[in-house]
Engineer: 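Before we start, here is the structure in question, set down as structure tokens.
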Amino acid sequence: MLDTKYVRENFEEVKRRLESRNGDFQYLDKYIEIDQERRNLIVKVEELKAQKNNASKLIGQFKREKKDISLLMKEMNLDSKKIKSFDERIMQIDDEIRNILLYTPNLPNENVPRGTSEDNNVEIRKFGKPVEYNFEPLPHWDLAEKFDLIDFERAGKITGSRFAVYKNIGAKLERALITFMLDIHTEQNKYQELLPPAIVNRDSMLGTGQLPKFEEDAFKLYNNENYFLVPTAEVPVTNYHRDEILNADNLPISYCAYSPCFRAEAGAAGRDTRGVIRQHQFNKVELVKLCKPEDSYKQLEILTKHAEKILQLLELPYRVIELCSGDLGFSSAKTYDIEVWLPSYDGYKEISSCSNFEDFQARRANIKFRRDPKGKPEFVHTLNGSGLAIGRTWAAIIENYQQVDGSIVIPKVLRPYMGGLEIIK
RNA sequence: GGAGGAAUACCCAAGCCCGGCUGAAGGGAUCGGUCUUGAAAACCGACAGGGCGUGAAAGCGCCGCAAGGGUUCGAAUCCCUUUUCCUCCGCCA
């Protein structure tokens, strides 16, 4: 959520920055109007309330002194009615303002490249080189079938499309990746591990920005409208500190968390239909940070490096791109996407998205910190990034590690997690 | 799921039946001070936070006793709804 005061006082700048996202933000003109009306009303109603409070006190005093109170009573009756009607209008405006603000995305950072689509994203750096094959490499879904690693067909039977049953070494590899990533993040990168619920309530979804605008992307529980399947561990983990005031000495706070992720993929019909790239349910290890405002851009670099580290250890080629203003997510002020090389796509595919939300989520979720014991609480900045998406990592390994003889080599760092297995053949 | 009980400031806790001098007693913790070579103890003092509005600022005002409504001139106190926690029963991995 944007800062009401900031929007009011920097209206043209706010509009300009929002418009760099390619949306239509004319509706904000209305916001300015009712915001002014609201403040006018507040001045009036508070004056009346102050009068009423004084009179009520007087009535109490008069009663004790056995004086006549009938005149005072009459006046107060009138005032109460006025107060009520003012209050009702104020509440109505509050709702409208809240609604407007909840549907308005974050301001892109001023340094983010401007652009209208992903074509304007900027490549920042590259690691490794895509393998040159002297044979036709198989896509991971064919390899999965060949070695009986995943059963898509039966997954379709027991659930539906875009679900998978991992089997045998395939299941073990998925499990190994989760543990491997968590171990690196907790042991080397000093993240604190959380294992959160896979179901969250509406307030949590609102806090991180999935709601109210993107309700159709989420899986809602049928028998409890207040419950949603988590689209990412970002939601439970960031909301872990909702409505809290943190101690500045503890910042930055860094969490890593594994969770299954559930996405309706409402607008993705026909895209990535084969393999595990786009599933309704997938596994992910997520990194989340809460920090002081002045640290957040430094922390974004650190967090992105932590995610990259996993790919480096797995020796998978990847690149880092910076999203342009038009491609930014709703809540983000700046985002780096990490893309892994996938032979089956003959290109790079997103495997992690690392974002700085500045105080946008903190404002929605009401997460603050106190600089010093007597100071005013301030909003923290929140960040997160995948570290990494497990299914896509799985696919990248299967594809990138296939050999001329048709076998698949297990990356060295994973072998301890695979019971020493070196090769799938 | 059924039956009871509870929710007050950082923590404990009084007030609620009988609405008004409670913008919330008392204690603990914390902070400052006196005393002390230093510390402890004792004593003295401070201690509601947060949001909103207004103002150049100091300040002033509004809202706060789980949350949301209602009754009333006036609600921590009365009424309704919701949430959370506890105890017992049932069911269950």
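Each chain gets a letter, A, B and so on, in the order the sequences are listed, and its residues count up from 1.
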Engineer: Given atom NZ of A:K57 and atom C1' of B:rG23, what is their separation to the nearest angstrom?
Structural biologist: 8 Å

Engineer: Starting the side chain at C-beta, find the nucleotide from B:rG69, B:rG50, B:rG20 nearest to A:S56.
Structural biologist: B:rG20

Engineer: To the nearest angstrom, how far is A:K81 atom NZ from B:rU72 atom C1'?
Structural biologist: 13 Å

Engineer: Any Lys/Arg nitrogen of A:K289 or A:D295 sitting under 4.0 Å from an Asp/Glu carboxylate oxygen of the other?
Structural biologist: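 Looking at A:D295 together with A:K289, the answer is no, because their closest N to O distance does not fall below 4.0 Å.
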
Engineer: Under a 4.0 Å threshold between the charged nitrogen and the carboxylate oxygen, would A:K292 count as salt-bridged to A:E378?
Structural biologist: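 Between A:K292 and A:E378 there is no salt bridge, as every charged N stays at least 4.0 Å from the carboxylate O atoms.
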
Engineer: Tell me: CG of A:D87 to C1' of B:rG70, nearest whole Å?
Structural biologist: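 Going from CG in A:D87 over to C1' in B:rG70 covers 15 Å.
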
Engineer: State whether the number of non-hydrogen atoms from other residues, nucleotides or ligands found under 6.0 Å of A:R98 atom CZ is greater than 12.
Structural biologist: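 At most 12 heavy atoms, drawn from other residues, nucleotides or ligands, come within 6.0 Å of this atom.
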
Engineer: I'd like to compare against my own output: the B/S/- annotation of nucleotides 51-63 of chain B with a strict under-4.0 Å heavy-atom distance to protein.
Structural biologist: SSSS------BBS

Engineer: With under 30° as parallel and over 60° as perpendicular, where do the rings of A:H241 and A:Y255 fit, or are they tilted in between?
Structural biologist: parallel

Engineer: Given a 3.5 Å cut-off on both pairing distances, which stems involving RNA chain B, each at least three consecutive Watson-Crick or G-U pairs, are present, if any?
Structural biologist: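 The stems are B:1-7 with B:83-89, B:10-12 with B:26-28, B:30-34 with B:42-46, B:50-54 with B:59-63, B:66-70 with B:78-82.
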
Engineer: Can you tell me whether the base of B:rG5 sits syn or anti, using the 90° cut around 0 to define syn?
Structural biologist: anti

Engineer: To the nearest angstrom, how far is A:D243 atom CG from B:rA67 atom P?
Structural biologist: 12 Å

Engineer: Determine the interatomic distance between P on B:rC60 and the same-named atom on B:rU77; round to the nearest Å.
Structural biologist: 28 Å

Engineer: Regarding A:K15 and the six-membered ring of A:F25, is the cationic atom NZ or CZ under 6.0 Å from the ring centre and inside 45° of its axis?
Structural biologist: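 Negative - A:K15 is either too far from the ring of A:F25 or too far off its axis.
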
Engineer: Under a 3.5 Å distance rule, please check whether A:N356 uses its side chain to pair with a backbone N or O of A:A333 as donor and acceptor.
Structural biologist: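 No, because the side chain of A:N356 does not come within donor-acceptor range (under 3.5 Å) of the backbone of A:A333.
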
Engineer: Taking only residues two or more places apart in sequence or in another chain, which ones pass side chain to side chain donor-acceptor pair (under 3.5 Å) with A:Q92?
Structural biologist: A:R89

Engineer: Once you round it to whole Å, what is the distance between C1' of B:rU84 and CG of A:D203?
Structural biologist: 14 Å

Engineer: Output yes when A:E215 and A:R202 qualify as a salt bridge under the 4.0 Å nitrogen-oxygen rule, no when they do not.
Structural biologist: yes

